[in-house]
Amino acid sequence: MLAFLFDFYNLLIVIIGYSLLNLAVSLVAHFRKKNTPGNNYVYIGTLFSLGTVPLLFFYYPLAIAAWFVAIVLYYSGAKMNHEANDDTTPLFYLFSLTIAAIITFALFLLHS
């Protein structure tokens, strides 16, 4: 089922899709005028995760580091947003973190 992730170009598409999905969710919350103090972290995390794509072509260890920084920024920003609105949804974290873990696993297996 997850075998498509282990191809280099499919992994790039999944990384871009995951980054743009997080950006879209953050923008929707921003334009709905919700209290979103963590959106800056999510925006910077999107830049780091999209920066992972060109780094995969040039310097692989830096790409892995950029991906980890992006994931930390995503989840710290999402946690700040949920705490400010008092609507913690642990199921969201579970699904999103599972997708991020699968992408991370595929990144490690890609160059092993």
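Treat the numbers as computed from the prediction; the structure is a model and nothing was measured.
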Shortest non-hydrogen contact from P54 toward G51: CD-O, 3.3 Å
ILVMFWY cluster, V25 and I99 together (side-chain gap under 4.5 Å): no
Nearest heavy atoms of S49 and S19, plus distance in Å: OG-OG, 2.6 Å
Non-neighbouring partners of S96 that pass side chain to side chain donor-acceptor pair (under 3.5 Å), sequence neighbours left out: Y18, Y75
Euclidean distance, I103 CD1 relative to T98 OG1, rounded to 0.5 Å: 11.0 Å
L97 side, atom CG; I102 side, atom CD1 - distance, nearest 0.5 Å: 10.0 Å
Sequence-distant partners of V69, side-chain contact (heavy atoms from CB on, under 4.5 Å), two or more places apart: F48, L73
Separation between CG of L107 and CZ of F68, rounded to the nearest 0.5 Å: 8.5 Å
Same apolar cluster (I L V M F W Y, side chains within < 4.5 Å links), L20/V53: yes
Hydrophobic cluster membership, L47 vs V72, 4.5 Å side-chain cutoff: no
Distance, nearest 0.5 Å, that separates CD1 of I64 from CZ of F108: 4.5 Å
All pairs passing salt bridge (Lys or Arg N to Asp or Glu O under 4.0 Å) where residues 68-81 contributes a residue, at least two apart: K79-E83
Hphob cluster co-occupancy, L21 + V28, side-chain heavy atoms under 4.5 angstrom: no
All side-chain contact (heavy atoms from CB on, under 4.5 Å) counterparts of L27, not counting sequence neighbours: L23, F31, Y43
Connected via hydrophobic side-chain network under 4.5 Å: I16 and I71: yes
Side-chain heavy atoms of L50 within contact of I15, under 4.5 Å: no
Minimum heavy-atom distance between T52 and A63, given as atom pair plus value: CG2-O, 3.6 Å
Shortest non-hydrogen contact from L11 toward A106: CD1-CB, 3.7 Å
Pairing residues for F57 by the ring-ring contact (aromatic ring centres under 6.0 Å, His included) criterion, not counting sequence neighbours: F8
Set of residues satisfying side chain to side chain donor-acceptor pair (under 3.5 Å) with respect to T104, sequence neighbours excluded: W67
Results of side chain to side chain donor-acceptor pair (under 3.5 Å) for S26 - residues two or more places apart only: N39
